[in-house]
J.: 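Pasting in a structure now, in structure tokens, and then I'll have a few things to ask.
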Amino acid sequence: MEAPESRGIRVLLADDEALVRGGLAMLLEAEQGITVAGEAADGAEAVEQAVRIQPDVVVMDIRMPGTDGVEATRQLSSDAFLDKVDTVPAVLVLTTFGDDEAVRTALRSGASGFILKSSAPRALGDAVRALAAGGGWLDPAITRGLLADFVRRPDRRDPGSVEMAQLTKRERDVLTVAAHGLSNAEIATHLFLSEATVKTHMHRIFLKLGITDRAQAVAAAYKSGLVRSEDRL
């Protein structure tokens, strides 16, 4: 499968305000290598469009009537959605300052990044590129809030069965193979996925387990019993 960076990054915009979508589209279309492939007025339409156009990144407003951005993000990370597509879209959530609880919920639902609506225009293109490459993006103002919350809960234990239960079947498959020492490229070959898709899965695994690196993820896989030392691929 052709990587996003070689064929251009396809973006789906989801916001209930047409003027906001238009402004976002203008900003992104001005960025080299980024194309707005579709628009949606709510979360349900965003999921439908994502199946049809298979974007690399979905820019998702967190507050929309009907199916909101959090629920749409959850659906885009579900096994039911992944069974319908070849490309896993990364979700960049648009939010406002002080909406920390919605940010945490969307993180647990599979979002790969967050950006404030008040951010500098250039940041949107940078965030989209980061997500398309399999990375993440947290607006500095949001990051401060999340770090403050972490400091208030310094006794957080290592991820276990409860956290593992948040992973989709596809994410558990990726983590299982990673725990056997395979690289992202090798995981992609083993599971018949693109390397970019594997990177997206790994990033979501880190977010859902509340960890920051691959070594922690592998340790969590063994501690939780997802992988045993005698297991073979």
Side-chain angles (χ1 to χ4, degrees), residues 4-5 7-78 81 84-85 87-133 135-146 200 203-204 207:
E5 55 269 25
R7 58 171 167 73
I9 301 168
R10 291 163 49 81
V11 177
L12 170 63
L13 299 176
D15 194 292
D16 59 311
E17 297 185 32
L19 285 176
V20 173
R21 295 198 307 273
L24 294 173
M26 288 181 62
L27 289 174
L28 290 174
E29 290 285 4
E31 296 280 341
Q32 185 176 4
I34 298 178
T35 301
V36 175
E39 298 184 16
D42 58 37
E45 185 181 3
V47 175
E48 293 173 1
Q49 289 264 41
V51 172
R52 185 175 64 83
I53 67 177
Q54 299 196 34
D56 302 299
V57 178
V58 179
V59 178
M60 182 90 71
D61 186 14
I62 207 166
R63 300 290 183 187
M64 292 184 288
T67 302
D68 64 14
V70 173
E71 173 58 21
T73 298
R74 187 195 65 76
Q75 292 183 28
L76 290 174
S77 299
S78 69
F81 173 81
K84 301 176 184 177
V85 299
T87 300
V88 179
V91 177
L92 176 67
V93 171
L94 287 170
T95 186
T96 56
F97 183 76
D99 211 359
D100 289 349
E101 185 53 41
V103 167
R104 295 186 195 95
T105 303
L107 272 173
R108 292 191 293 268
S109 299
S112 295
F114 295 84
I115 189 167
L116 289 176
K117 291 184 176 180
S118 58
S119 296
R122 176 74 193 201
L124 180 61
D126 291 341
V128 165
R129 288 192 179 89
L131 265 64
W137 185 275
L138 284 178
D139 188 284
I142 299 172
T143 304
R144 285 193 292 271
L146 294 177
T200 298
H203 183 70
R204 288 177 174 172
L207 291 175

J.: Report the residues that fulfil side chain to side chain donor-acceptor pair (under 3.5 Å) with Lys117, sequence neighbours left out, ordered by chain and then residue number.
T.: Asp61
J.: After noting the C-alpha distance and the side-chain angles of Val93 and Ile115, does the key distance pass the side-chain contact (heavy atoms from CB on, under 4.5 Å) rule?
T.: CA-CA 6 Å; Val93 171; Ile115 189 167; over 6 Å; no
J.: Side chains of residues 69-76: which donor-acceptor partners sit under 3.5 Å, not counting sequence neighbours?
T.:
{"residue": "Glu71", "atom": "OE1", "partner": "Arg74", "partner atom": "NE", "Å": "3.0"}
{"residue": "Glu71", "atom": "OE2", "partner": "Arg74", "partner atom": "NE", "Å": "3.3"}
{"residue": "Glu71", "atom": "OE2", "partner": "Arg74", "partner atom": "NH2", "Å": "2.6"}
{"residue": "Glu71", "atom": "OE2", "partner": "Gln75", "partner atom": "NE2", "Å": "3.0"}
{"residue": "Thr73", "atom": "OG1", "partner": "Gly69", "partner atom": "O", "Å": "2.7"}

J.: Please step through side-chain contact (heavy atoms from CB on, under 4.5 Å) for the pair Leu28 and Leu13, ending with a clear verdict.
T.: CA-CA 10 Å; Leu28 290 174; Leu13 299 176; 3.8 Å; yes
J.: Give, for atom CD1 of Ile34 and atom CD1 of Ile9, the distance between the pair rounded to the nearest 0.5 Å.
T.: 5.0 Å
J.: Table please: side-chain donor-acceptor pairs of residues 120-130 below 3.5 Å, with sequence neighbours left out.
T.:
{"residue": "Arg129", "atom": "NH1", "partner": "Glu31", "partner atom": "OE1", "Å": "3.0"}
{"residue": "Arg129", "atom": "NH2", "partner": "Glu31", "partner atom": "OE1", "Å": "3.2"}
{"residue": "Arg129", "atom": "NH2", "partner": "Gln32", "partner atom": "O", "Å": "2.9"}

J.: Hey, what do you get for CG (Asp16) to OG1 (Thr67), rounding to the nearest 0.5 Å?
T.: 12.0 Å
J.: Is there side-chain contact between Leu116 and Thr95, with at least one heavy-atom pair below 4.5 Å?
T.: yes
J.: Does the pair Leu24 and Val11 meet the rule for a side-chain contact (heavy atoms from CB on, under 4.5 Å), with working shown?
T.: CA-CA 11 Å; Leu24 294 173; Val11 177; over 6 Å; no
J.: With the side chain counted from C-beta on, respond yes when Pro89 and Phe81 share a heavy-atom pair under 4.5 Å apart, and no when they do not.
T.: yes
J.: When you compare the side chain of Leu12 with that of Ile53, does any pair of heavy atoms fall below 4.5 Å?
T.: yes
J.: With rounding to the nearest 0.5 angstrom, report the CG to CG distance, Leu131 to Asp56.
T.: 10.5 Å
J.: Can you list every pair that meets salt bridge (charged side-chain N to carboxylate O under 4.0 Å, His left out) and has a residue in residues 34-48, with sequence neighbours left out?
T.: Arg21-Glu39
J.: Taking side chain to side chain donor-acceptor pair (under 3.5 Å) as the test, write out the residues that go with Thr35, two or more places apart.
T.: none
J.: Could you tell me which non-hydrogen atom of Gly43 sits nearest to which non-hydrogen atom of Met64, and how far apart they are?
T.: N-CE, 3.6 Å
J.: With sequence neighbours left out, what residues match Asp15 under side chain to side chain donor-acceptor pair (under 3.5 Å)?
T.: none
J.: Quick one: does any side-chain atom of Arg204 pair with a main-chain N or O of Ser77 as donor and acceptor, under 3.5 Å?
T.: no
